[in-house]
Each structure stands twice: as structure tokens, then as C-alpha cells.
Amino acid sequence: MADKEGLKVAKDYSVDVPFANQGSFHVKGANNLDWGMKKRLSNIFDPKTGNTVMFAFDHGYFMGSTAGLERLDLVIPKLMSHVDVLMGTRGALRSCVPPECGKAIALRVTSGSSMLNDDLSHEVNAVDLEDAVRMNADCMAVQTFIGADGQLSSIDNLSQMINAGLRHSIPTMGVVAVGKQMERTDRFFKLATRILAEMGANIIKTYYCEKFEEVVAGCPVPLVVAGGKKLPENEALTLAYKAISGGARGLDMGRNIFQSEHPVEMAEAIRKVVHEGFNDKEAYEFYQDAIHG
Ligand code: 5RP
């Protein structure tokens, strides 16, 4: 391990220079992976646009029931035809999602937190690889806590799932958590996303921040941006537009879809940004036209 003395702050990200090892495959950093990995990543990232709209409803794994997700059995079937990927727990998927859904699955495999804890940074790998195979998961989502007390155990969780996933060609998505003691700065996200990618994660879920394009350039695998807390729809679409413009290869939105008054129209407006090149204003106009008929 290099010593920390004399560390020079990274600054030249050559953000205008395309990823050099893209090769012929549309997913960043996956060019050297095997057929099965590429097939699953292609289920997630549209080969035509290279992007994805993930619908996240895994909040219950630590929040229990949350506004907009009181009835998984009613919410998910209504939305699944409007998104590319379903991100959920095995409990939600098996109990509330028809297996004939025809959607990619981002399977939440870690757990151990609850809203009753102060320190959410200690989780375990609750789902084993065999069940991810049974679920035909297209990636396994592992929560990581860089800079928190649970850093070592969460990196171990990530590494164990990457090791297992490689044995069965199932990609792993490293999820960057932002706890109280973590700062929503480019400095933090550059560190956290790069650590997860260096551990071998094939996709990183993170948050949008200033200098986001540098976070993207410094990470050799695709970034998907979480929506975060519910925003007014126009602001959420601006977040989506900034993320995609900054180089994210998708959005993983939960609350900004299922807590919207018009979740279907909101999901479709996000698709316009992610897959059809709409800017935020155009997408918001689409949303308003869709809800007013
Ligand atoms: C919840 C999660 C969600 O997958 C992620 O935060 C995206 O959901 P939202 O857009 O509501 O933040 O990790 O535990």
C-alpha cells in the first residue's frame, strides 16, 4: 500500500477523451468479460442507447413500508412496463412481481439495516449466489459504506458477491451509500466509485454531484444515478438530465417515481431523457402534456 504522505490531488480527468478500452461492447469496462456477463449487462443497458432506467423499490429492506410503496403488489405491476430494470429484494420480487415480467432484475442482496438504527453501515450478504441464479438476476446490488464504520465489512460483502458472481457470470452493482458522516462532494464520490470499481464491481450506483463528469471519467465502469429524496417533477427531470449529460449511463429512481402523483407519466418522462435525448424542459413538457391529456 502506498504511503499517504505526499499524496497529490488527482486533477487531470481528460473528461473529453472517450473511454479508451470500450472495444466493441456498449458497456464501459465490460469489453473483456465473458458472454454471460455481457448478456446480463445488455439486459440492463440498452444496446442502442447504452443507457438504462432502473425502478428502485428496495426501500423496504431497511425502511419497511414507505410512502408510495405501501402496496408493492399494486405499484410494481403498474410501472414495470415503463422501466428497463426492476431493483428490488427477493421478497418483493417473488411475492409481487410476475416472473413473466420480461424485465431485467437488479437484486438487492445485502441487508441488516433498519431505520431504528443510527449506524446503518453494517450489513451482511443476505442473498447467496445460488438464489441470485434461481432469481435469474441480471446483477446483484451490494450496499457499501466508504468512510463509515462499516467500511471494511461492506467492502468484504462486495468482494464476496463479486467473487461469487464471476463464478456464474452475474454482474455486481456496487451501491454507494451516503451516510451522515459522508459528504456529497465530488471528492467523496470520486473516491467511493473508484474503490468499488477497483474491487471489480461492474456497475456503480451513486449520486449526482458537482464535477460529476470527473467522477464519471475517473470510474472505469458505468455509473447509474440514484434519484434520492422526492423532488418536484421538474427538478427531478433536471437531475436526470444533468446526470445523463454528465456521463451517467442511467438513473435508478425510486421515490421520484413512486411518490409522484403521476408515477407512470414520470417514469415515461425519465425515459425520454435517458433514451430519447430529451432535455429537462422538453421532458417536463412531455410530463405535463401526459398528465393533462
Ligand atoms: C434504497 C435504495 C434505492 O435503490 C436508491 O436509493 C434509489 O431510490 P431513490 O431514488 O428513492 O433514492 O438504495 O435503499
Side-chain angles (χ1 to χ4, degrees), residues 13 15 19 26-29 41 44-46 49-59 82-88 104 106 108 139 141-144 146 171-179 182-197 201-260 266-280 283-284:
Y13 288 89
V15 293
F19 182 64
H26 65 289
V27 178
K28 187 176 184 183
L41 288 169
I44 295 170
F45 296 100
D46 184 327
T49 67
N51 291 345
T52 189
V53 175
M54 289 187 179
F55 172 46
F57 49 86
D58 58 326
H59 304 61
H82 302 279
V83 299
D84 302 312
V85 181
L86 302 178
M87 178 170 178
R108 160 72 63 177
C139 73
V142 177
Q143 199 81 4
T144 61
I146 303 303
T172 301
M173 177 163 74
V175 178
V176 174
V178 182
M182 301 165 204
E183 50 189 31
R184 285 178 181 260
T185 60
D186 67 293
R187 176 173 169 269
F188 170 71
F189 290 122
K190 283 169 182 169
L191 174 69
T193 55
R194 180 62 169 266
I195 289 174
L196 272 55
N202 307 104
I203 311 166
I204 314 283
K205 180 160 70 103
T206 186
Y207 291 86
Y208 183 77
C209 64
E210 292 306 310
K211 299 184 186 174
F212 183 71
E213 62 282 354
E214 292 185 356
V215 180
V216 170
C219 183
V221 296
L223 299 182
V224 173
V225 168
K229 68 181 188 322
K230 176 71 176 71
L231 299 168
E233 278 73 6
N234 61 322
E235 292 179 25
L237 291 168
T238 297
L239 167 64
Y241 177 63
K242 284 181 173 177
I244 295 295
S245 304
R249 299 318 307 230
L251 276 298
D252 176 49
M253 285 207 171
R255 287 162 286 179
N256 279 288
I257 292 178
F258 62 70
Q259 289 179 353
S260 171
M266 187 56 185
E268 285 296 338
I270 292 164
R271 290 192 71 80
K272 294 293 184 187
V273 173
V274 171
H275 290 303
E276 298 182 37
F278 277 40
N279 66 32
D280 47 347
Y284 188 56

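If you read the sequence from its start, that first residue is 1, and numbering goes on from there.
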Participant: According to ring-ring contact (aromatic ring centres under 6.0 Å, His included), who are the partners of Phe188, at least two apart in sequence or on a separate chain?
Facilitator: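 Partners of Phe188 under the ring-ring contact (aromatic ring centres under 6.0 Å, His included) test: none.
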
Participant: For the residue pair Val83 and Met54, establish whether any side-chain heavy-atom pair is separated by less than 4.5 Å.
Facilitator: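 Side-chain contact under 4.5 Å: no.
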
Participant: Think Arg184 forms a cation-pi with Tyr207, using NZ or CZ under 6.0 Å from the six-ring centre and within 45 degrees of its axis?
Facilitator: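 Flagged: Arg184 positioned over aromatic ring of Tyr207.
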
Participant: Just do the side-chain contact (heavy atoms from CB on, under 4.5 Å) check on Thr172 and Cys139 with the steps written out, would you?
Facilitator: CA-CA 5 Å; Thr172 301; Cys139 73; over 6 Å; no

Participant: Please examine the side chains of Ile146 and Leu191, heavy atoms only from C-beta on, and report whether any two atoms are closer than 4.5 Å.
Facilitator: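 Contact flag for Leu191/Ile146 side chains = yes.
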
Participant: Stepwise, does the side-chain contact (heavy atoms from CB on, under 4.5 Å) test hold for Met87 with Met173?
Facilitator: CA-CA 11 Å; Met87 178 170 178; Met173 177 163 74; 3.8 Å; yes

Participant: What's the shortest heavy-atom distance between Leu239 and Ala226, and which atoms?
Facilitator: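 Scanning both residues completely, I find the closest heavy atoms to be CD2-O, 4.4 Å.
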
Participant: Evaluate the side-chain proximity of Asn234 to Asp280: yes if any heavy-atom separation is below 4.5 Å, no if none is.
Facilitator: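 Side chain of Asp280 against side chain of Asn234, heavy atoms only: no contact under 4.5 Å found.
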
Participant: Name all pairs fulfilling the salt bridge (Lys or Arg N to Asp or Glu O under 4.0 Å) condition that reach into residues 230-243, sequence neighbours left out, sorted by first residue then second.
Facilitator: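 Non-adjacent pairs meeting salt bridge (Lys or Arg N to Asp or Glu O under 4.0 Å): Lys230-Glu233.
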
Participant: For the atom pair CD1 (Ile270) and CG (Leu251), what is the distance rounded to the nearest 0.5 Å?
Facilitator: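 If I round to the nearest 0.5 Å, the distance is 6.0 Å.
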
Participant: Over all heavy atoms of both residues, which pair between Met253 and Ala236 is shortest? Give the atoms and the distance, please.
Facilitator: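 Smallest interatomic distance, heavy atoms only, reads CE-O, 3.8 Å.
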
Participant: Hey, could you give me each pair passing ring pair (Phe, Tyr, Trp, His ring centres under 6.0 Å) that has a residue in residues 219-245? Not counting sequence neighbours.
Facilitator: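 Sorted pair list comes back empty.
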
Participant: Distance-only, no hydrogens or angles: does the Asp58 side chain make a donor-acceptor pair with backbone N or O of Arg108 under 3.5 Å?
Facilitator: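 Side chain of Asp58 to backbone of Arg108, a donor-acceptor pair under 3.5 Å: no, none is there.
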
Participant: To the nearest 0.5 angstrom, please state how far the CG atom of Leu196 sits from the CD1 atom of Ile203.
Facilitator: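 Rounded to the nearest 0.5 Å, the CG-CD1 separation comes to 12.0 Å.
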
Participant: List the steps, then state whether side-chain contact (heavy atoms from CB on, under 4.5 Å) holds for Leu231 with Asn256.
Facilitator: CA-CA 7 Å; Leu231 299 168; Asn256 279 288; 3.7 Å; yes

Participant: Could you tell me the separation between the CD1 atom of Ile244 and the CZ atom of Phe212, rounded to the nearest 0.5 Å?
Facilitator: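 Atom-to-atom, Ile244:CD1 and Phe212:CZ are 8.5 Å apart.
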
Participant: Could you pull out all residues at least two apart from Ala269 that satisfy side chain to side chain contact (heavy atoms under 4.5 Å, CB included)?
Facilitator: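 With sequence neighbours excluded, Ala269 shows a side chain to side chain contact (heavy atoms under 4.5 Å, CB included) to Leu237, Phe286, Tyr287, given in chain and number order.
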
Participant: Within this structure, what is the SG-OH distance for the pair Cys219 and Tyr13, rounded to the nearest 0.5 Å?
Facilitator: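 Those atoms lie 11.0 Å apart.
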
Participant: Can you list everything that forms a side chain to side chain contact (heavy atoms under 4.5 Å, CB included) with Arg194? Sequence neighbours excluded, please.
Facilitator: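 Only Glu198, Pro220 meet the side chain to side chain contact (heavy atoms under 4.5 Å, CB included) criterion with Arg194.
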
Participant: Ignoring hydrogens, what is the shortest heavy-atom contact between Val15 and Ala217? Give both atom names and the distance.
Facilitator: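 Answer, listing the atom of Val15 first, then Ala217: CG1-CB, 4.1 Å.
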
Participant: Might you work through the side-chain contact (heavy atoms from CB on, under 4.5 Å) test for Lys28 and Asn202, ending with a clear yes or no?
Facilitator: CA-CA 9 Å; Lys28 187 176 184 183; Asn202 307 104; over 6 Å; no

Participant: Enumerate the residue pairs fulfilling salt bridge (Lys or Arg N to Asp or Glu O under 4.0 Å) with a member in residues 248-260, sequence neighbours excluded, ordered by first and then second residue.
Facilitator: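 Passing the test, one end in residues 248-260: Lys205-Asp252.
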
Participant: Just verifying a value: how many Å separate Asp46 CG and His275 NE2, rounded to the nearest 0.5 Å?
Facilitator: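 Reported to 0.5 Å precision, the distance equals 5.5 Å.
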
Participant: Test of understanding: with side chain to side chain contact (heavy atoms under 4.5 Å, CB included), list the residues that count as partners of His26, not counting sequence neighbours.
Facilitator: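 His26 satisfies side chain to side chain contact (heavy atoms under 4.5 Å, CB included) with Ser42, Phe45, Pro47 once adjacent residues are dropped.
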
Participant: Determine whether Thr52 and Val274 make a side-chain contact, defined as any pair of heavy atoms from C-beta on separated by less than 4.5 Å.
Facilitator: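 Contact flag for Thr52/Val274 side chains = no.
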
Participant: List in chain and number order the residues that pass ring-ring contact (aromatic ring centres under 6.0 Å, His included) with His59, two or more places apart in sequence or in another chain; answer none if no residue qualifies.
Facilitator: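 Here the qualifying residues are Phe258.
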
Participant: Under the side-chain hydrogen bond (donor to acceptor under 3.5 Å, both in side chains) rule, collect the residues that match up with Gln259, sequence neighbours excluded.
Facilitator: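 For Gln259, no residue satisfies side-chain hydrogen bond (donor to acceptor under 3.5 Å, both in side chains) once neighbours in sequence are set aside.
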
Participant: State, to 0.1 Å, how close Ala192 and Val176 come at their nearest heavy-atom pair, and which atoms those are.
Facilitator: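 The answer is CB-CG1, 3.8 Å.
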
Participant: Output yes when a side-chain donor or acceptor of Thr144 lies under 3.5 Å from a complementary backbone atom of Val175, and no otherwise.
Facilitator: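 Pair found, side chain donor or acceptor close to backbone of Val175.
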
Participant: Listed by chain and number, what are the side chain to side chain contact (heavy atoms under 4.5 Å, CB included) partners of Asp186, not counting sequence neighbours?
Facilitator: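 Counting only residues at least two positions away or on another chain, Asp186 forms a side chain to side chain contact (heavy atoms under 4.5 Å, CB included) with Lys190, Cys209, Lys211, Glu214, Val215.
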
Participant: Minimum heavy-atom separation for Val225 to Ala243, with atom names?
Facilitator: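 Heavy atoms only, the tightest pair is CG2-CB, 3.8 Å.
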
Participant: Does anything in residues 217-228 pair up under salt bridge (Lys or Arg N to Asp or Glu O under 4.0 Å), and if so which pairs, sequence neighbours excluded?
Facilitator: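 Not a single pair qualifies under salt bridge (Lys or Arg N to Asp or Glu O under 4.0 Å).
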
Participant: Enumerate the salt bridge (Lys or Arg N to Asp or Glu O under 4.0 Å) contacts for residues 267-277, please, sequence neighbours excluded, ordered by first and then second residue.
Facilitator: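 Listed once each, the pairs are Asp84-Arg271, Lys272-Glu276.
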
